[in-house]
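Okay, structure first, notes after.
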Amino acid sequence: QVQLVESGGGLVQPGGSLRLSCAASGSIFSIYTMAWYRQAPGKQRELVARISSGGSTIYADSVKGRFTISRDNAKNTVSLQMNNLKPEDTAVYYCNNQIGYWGQGTQVTVSS
């Protein structure tokens, strides 16, 4: 059974930074593409960033230049460094792997 557990969310002021982490267990982590999605109240879940098994990355236009996704295959973790956060980044952030597993989500709130 695959498990994805997110951590690192919280409340931050506009312009601040947060680092989200996702710990994976129960699968061969290194072979899968991993991704971060987010869902704001009243909106559909959207892709934030994705990283392939080889380290190739893609980002939503809204976060390019501010967010960085990375992975550590030795530790079975994928991270999302979020800088220069904006109120519109407020959402529940979810970790996802390419075979369809999701974490429980972690709340990120950007507010003064």
Side-chain angles (χ1 to χ4, degrees):
Q1 182 73 14
V2 175
Q3 285 190 317
L4 302 175
V5 180
E6 302 99 336
S7 60
L11 172 65
V12 64
Q13 292 187 341
S17 298
L18 282 175
R19 185 176 181 87
L20 306 183
S21 293
C22 173
S25 62
S27 68
I28 306 173
F29 175 83
S30 62
I31 68 173
Y32 294 122
T33 292
M34 299 296 297
W36 287 96
Y37 284 75
R38 68 185 180 187
Q39 187 167 19
K43 295 187 176 181
Q44 289 189 329
R45 192 171 296 188
E46 64 175 358
L47 176 68
V48 176
R50 179 182 293 148
I51 185 165
S52 72
S53 58
S56 298
T57 58
I58 62 169
Y59 296 92
D61 287 343
S62 59
V63 307
K64 281 181 182 176
R66 300 188 298 121
F67 291 11
T68 303
I69 189 171
S70 61
R71 66 189 299 160
D72 185 336
N73 290 335
K75 295 182 178 180
N76 283 10
T77 58
V78 60
S79 299
L80 185 69
Q81 177 66 42
M82 306 185 294
N83 298 327
N84 190 22
L85 283 159
K86 303 176 180 181
E88 52 264 41
D89 295 317
T90 295
V92 178
Y93 285 70
Y94 298 90
C95 180
N96 164 265
N97 74 2
Q98 70 177 86
I99 57 172
Y101 286 90
W102 295 88
Q104 82 287 353
T106 186
Q107 176 70 48
V108 171
T109 303
V110 185
S111 175
S112 55

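The basis for the numbers below is simple: all heavy atoms, side chains too, and nothing from hydrogens, waters or symmetry mates.
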Practice task
Test Ile69 against Val78 for side-chain contact (heavy atoms from CB on, under 4.5 Å), laying out the working first.
Solution key: CA-CA 7 Å; Ile69 189 171; Val78 60; 3.9 Å; yes

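- For the pair Asp61 and Lys64, the salt-bridge criterion is met [side-chain N within less than 4.0 Å of a carboxylate O].
- Hydrophobic clustering, with ILVMFWY side chains joined whenever heavy atoms are under 4.5 angstrom apart, keeps Ile58 apart from Met34.
- With sequence neighbours excluded, no residue forms a side chain to side chain donor-acceptor pair (under 3.5 Å) with Ser25.
- In this structure, Leu47 and Ala35 approach most closely via the heavy-atom pair CD1-CB, 3.9 Å.
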Practice task
Kindly determine whether Leu4 and Cys22 satisfy side-chain contact (heavy atoms from CB on, under 4.5 Å), including the steps that lead there.
Solution key: CA-CA 6 Å; Leu4 302 175; Cys22 173; 3.9 Å; yes

Review item, side-chain donor-acceptor pairs of residues 10-19, under 3.5 Å, at least two apart:
unit_1, atom_1, unit_2, atom_2, d
Ser17, OG, Asn83, OD1, 3.0
Arg19, NH1, Gln81, OE1, 3.2

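- Judged as a ring pair (Phe, Tyr, Trp, His ring centres under 6.0 Å), the pairs with a partner in residues 29-66 (not counting sequence neighbours) are, in order, Tyr37-Trp102.
- Across Ser53 and Asn73, no two heavy atoms sit closer than the pair O-ND2, 4.2 Å.
- Sequence neighbours left out, the pairs with a member in residues 46-56 that pass salt bridge (Lys or Arg N to Asp or Glu O under 4.0 Å) are Arg38-Glu46.
- Both Val63 and Val110 are part of a single hydrophobic cluster, where members link through side-chain heavy atoms under 4.5 Å apart.
- The hydrophobic cluster containing Ile51 also contains Val2, counting ILVMFWY residues as joined when their side-chain heavy atoms lie under 4.5 angstrom apart, directly or transitively.
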Practice task
Evaluate side-chain contact (heavy atoms from CB on, under 4.5 Å) for Tyr94 paired with Gln104, printing each intermediate quantity in order.
Solution key: CA-CA 7 Å; Tyr94 298 90; Gln104 82 287 353; over 6 Å; no

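- With Phe67 as the partner, the side chain to side chain contact (heavy atoms under 4.5 Å, CB included) test is satisfied by one option alone out of Asn84, Leu20, Thr57, Asp89: Asp89.
- Rounded to the nearest 0.5 angstrom, Glu6 CD and Leu80 CG are separated by 11.0 Å.
- Ile99 and Val5 fall into different hydrophobic clusters, where Ile, Leu, Val, Met, Phe, Trp and Tyr side chains are chained together by heavy-atom contacts under 4.5 Å.
- Rounding to the nearest 0.5 Å places CD1 of Ile31 at 12.5 Å from OG of Ser52.
- Evaluation of the salt bridge (Lys or Arg N to Asp or Glu O under 4.0 Å) test over residues 68-85, restricted to residues two or more places apart or in two chains, returns none.
- In this structure Thr109 satisfies the side chain to side chain donor-acceptor pair (under 3.5 Å) test together with Gln107, sequence neighbours excluded.
- When the shell of 6.0 Å around CD of Gln44 is examined, it contains 12 or fewer heavy atoms from other residues, nucleotides or ligands.
- Transitive grouping of hydrophobic side chains (ILVMFWY, heavy atoms separated by less than 4.5 Å) keeps Tyr101 and Val92 in distinct clusters.
- Counting non-hydrogen atoms of neighbouring residues, nucleotides and ligands closer than 6.0 angstrom, the CD atom of Gln3 reaches no more than 12 such neighbours.
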